[in-house]
Amino acid sequence: MANGYTRCPFTYGLFLGTTALFLYLGRRQKTKKTDLPTCDVVFVLGGPGAGKGTQCQLVQERLDGWVHLSAGDLLRAERNYGGKLCDLINSKIAAGELVPSEITCKCLENGMARAFEQSGVTKFLVDGFPRSHGNMTAWAGTLAKHNIKFVLSFDCPESVLEGRLLERGKSSGRSDDNIDTIRKRFQTHKAESLPIIQYFENNGTTVHTIESDKGVEQVYEKVVALF
Ligand SMILES: Nc1ncnc2c1ncn2[C@@H]1O[C@H](COP(=O)(O)OP(=O)(O)OP(=O)(O)O)[C@@H](O)[C@H]1O
Ligand SMILES: O=c1ccn([C@@H]2O[C@H](COP(=O)(O)O)[C@@H](O)[C@H]2O)c(=O)[nH]1
Ligand SMILES: [Mg+2]
């Protein structure tokens with residue numbers, strides 16, 4: 001039987017689109033927190049497989065108050081949620097390229113807000129961000145009030161990184177832990193992320209560089225001395 005929607009597919013499409021947008025925004029609203037206070041932030045950088053996640057986890061477990069937020073993990077969670085950003089995030093990660101900065105910053109902002117809401121924490125190890133000048137600009141737009149204590153940069157030869165990621169790829173299930181994407185991630189790191197270290201050094205933010213081709217506990221000894 002014909003009704004208004006079958007008679008006018010455009011109106012029907014508009015109705016569906018608007019409903020989907022409201023549902024999406026409604027879901028986002030639940031995780032949005034507007035009264036996040038000024039927080040302490042340490043940016044943890046380094047090539048793919050440099051040990052950012054491993055060391056941040058140790059700091060979170062062993063030092064009081066610090067919370068690990070991996071930009072990559074937050075993006076993977078957003079992708080897995082399956083919202084309208086899913087395909088874009090998925091394709092960028094699988095290609096070893098960077099996700100648009102506004103999306104990453106929104107994920108970080110929501111992640112910080114959630115952690116604050118849950119346990120009142122205000123000290124964050126931001127792992128794997130910023131990775132480009134665009135990331136820096138987006139951070140300055142919405143997250144500038146936070147206090148960047150210092151940058152922790154892990155340095156490790158590419159041959160070691162490649163071996164670690166291939167090994168991790170046997171069980172990680174990550175779409176980017178395969179040799180082609182690993183090499184693309186190295187390129188992205190050199191072209192877009194390494195210049196950010198230089199940027200911090202030139203602009204008065206302290207950068208601590210630690211060689212991470214040592215054992216996990218040896219690296220941790222150097223890391224913990226900075227806190
Ligand atoms: N110091 C280390 N010595 C040997 N293996 C390590 C060391 N640190 C981390 N690893 C291993 O290397 C792999 C990559 O480590 P991790 O996930 O911490 O790196 P990451 O910098 O977060 O990488 P990505 O950028 O891909 O997320 C993991 O399998 C981890 O167990
Ligand atoms: O700030 C960021 C962090 C990550 N990405 C994308 O995610 C993958 C995986 O990041 P890991 O830190 O290795 O978990 C990365 O290759 C990018 O595609 C990003 O775009 N911006
Ligand atoms: Mg990681």
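Order of appearance sets the numbers: ligands from 1, and atoms from 1 within every ligand.
Checked by distance only, ligand 1 and L165 stay at 3.5 Å or farther apart across all their nitrogen or oxygen atoms. Considering backbone and side-chain atoms together, T54 places an N or O closer than 3.5 Å to an N or O of ligand 1. For R131, no nitrogen or oxygen atom sits less than 3.5 Å from a nitrogen or oxygen atom of ligand 1, counting backbone and side chain alike. Checked by distance only, ligand 1 and V219 stay at 3.5 Å or farther apart across all their nitrogen or oxygen atoms. Between R168 and ligand 1, a contact under 3.5 Å exists for at least one N or O pair.
Heavy atoms of E167 stay at 4.0 angstrom or farther from ligand 1. For G72, the closest heavy-atom approach to ligand 1 does not fall below 4.0 Å. By the 4.0 Å heavy-atom criterion, G49 is counted among the residues contacting ligand 1. For the pair Q57 and ligand 1, no heavy-atom separation below 4.0 Å is found.
Using a 4.5 Å cut-off between side-chain heavy atoms of Ile, Leu, Val, Met, Phe, Trp and Tyr, with links allowed through other members, L63 and V67 fall into different hydrophobic clusters.
Remark: ligand 2 atoms within the under-4.0 Å shell around heavy atoms of R76 are 9 (C), 14 (O). Which parts of ligand 2 touch D176 is read off a 4.0 Å heavy-atom cut-off, strictly below it: atoms 9 (C). Remark: ligand 2 atoms within the under-4.0 Å shell around heavy atoms of A71 are 1 (O), 2 (C), 3 (C). Distances below 4.0 Å separate heavy atoms of R185 from the following atoms of ligand 2: 13 (O). Residue-ligand proximity, V99 to ligand 2, at heavy-atom distances under 4.0 Å covers atoms 19 (C), 20 (O). Short contacts between ligand 2 and F129, defined as distances under 4.0 Å to a heavy atom of the residue, involve ligand atoms 1 (O). Interface of K214 with ligand 1, defined as ligand atoms under 4.0 Å from a residue heavy atom, comprises 1 (N), 2 (C), 3 (N). Per-residue contacts place V216 under 4.0 angstrom from the following atoms of ligand 1 (heavy atoms of the residue considered): 1 (N), 2 (C), 7 (C), 8 (N).
Looking at E211, R76, Q218, R164, it is R164 that brings a heavy atom closest to atom 8 (N) of ligand 1. Checking V126, I93, T104, L108 against atom 7 (O) of ligand 2, the nearest heavy atom belongs to I93. Nearest-heavy-atom check against atom 19 (O) of ligand 1 across G51, G47, P48 picks out G51. Comparing D127, L75, L165 against atom 5 (N) of ligand 2, the shortest heavy-atom distance belongs to L75.
Between R114 and E117, none of the side-chain N atoms (NZ, or NE/NH1/NH2) sits under 4.0 Å from a carboxylate O, so this pair counts as no salt bridge. Checked for salt-bridge contact, R131 and E192 miss the test: no charged N lies under 4.0 Å from a carboxylate O. One finds no salt bridge joining D40 and K123 here, because no Lys/Arg side-chain nitrogen approaches an Asp/Glu carboxylate oxygen to under 4.0 Å. E217 and K222 are not joined by a salt bridge, as no carboxylate oxygen comes within less than 4.0 angstrom of a charged side-chain nitrogen. A salt bridge links E162 to R183: at least one charged side-chain nitrogen sits closer than 4.0 Å to a carboxylate oxygen.
Of the inter-residue distances, the one linking D176 atom CG with R76 atom CZ reads 6.5 Å to the nearest 0.5 angstrom.
Neither the backbone nor the side chain of Q55 has any atom closer than 4.0 Å to an atom of ligand 1 (non-hydrogen atoms only). Contact annotation for R174 and ligand 2: only side-chain heavy atoms (C-beta onward) come within less than 4.0 Å of the ligand. Proximity of R174 to ligand 1, defined as any heavy-atom pair under 4.0 Å, is confined to the side chain (atoms from C-beta onward). The proximity of E97 to ligand 2, defined as any non-hydrogen pair under 4.0 Å, is limited to the backbone. With a 4.0 Å cut-off on non-hydrogen atoms, L98 touches ligand 2 through its backbone as well as its side chain.
Atom CG of N203 is surrounded by more than 12 heavy atoms from other residues, nucleotides or ligands within 6.0 Å. Few gaps surround NZ on K184; more than 12 heavy atoms of other groups in view lie less than 6.0 Å from it. Annotation for F186: atom CZ counts as buried by contact number, over 12 foreign heavy atoms lying within 6.0 Å. Counting heavy atoms of neighbouring residues, nucleotides and ligands inside a 6.0 Å radius, atom CD of E211 does not exceed 12 of them.
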Take F227 and W66, measure what ring-ring contact (aromatic ring centres under 6.0 Å, His included) needs, and give me the verdict at the end.
CA-CA 10 Å; F227 286 84; W66 286 96; 5.2 Å; yes

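Of all the heavy atoms in C105 and T142, the pair that sits closest is CB-OG1, 4.5 Å. Minimum interatomic distance between S212 and R164 (heavy atoms only, all atoms of both residues): O-NH2, 2.6 Å.
Using cut-offs of 30° and 60° on the angle between ring planes, the pair F43 and F200 is tilted.
The shortest contact between atom 22 (O) of ligand 1 and any protein heavy atom is with G53 N, 3.0 Å. Scanning all protein heavy atoms for the shortest distance to atom 25 (O) of ligand 1 gives K52 NZ, 2.8 Å. Atom 1 (O) of ligand 2 has G128 O, 3.1 Å as its closest protein atom, hydrogens excluded (heavy atom only). Scanning the protein for heavy atoms near atom 3 (C) of ligand 2, the closest one is R131 NH1, 3.2 Å.
Judged by distance alone, the side chains of D177 and S172 do bring a donor and an acceptor atom under 3.5 Å apart.
With a 4.5 Å cut-off on side-chain heavy atoms, S175 and R79 count as touching.
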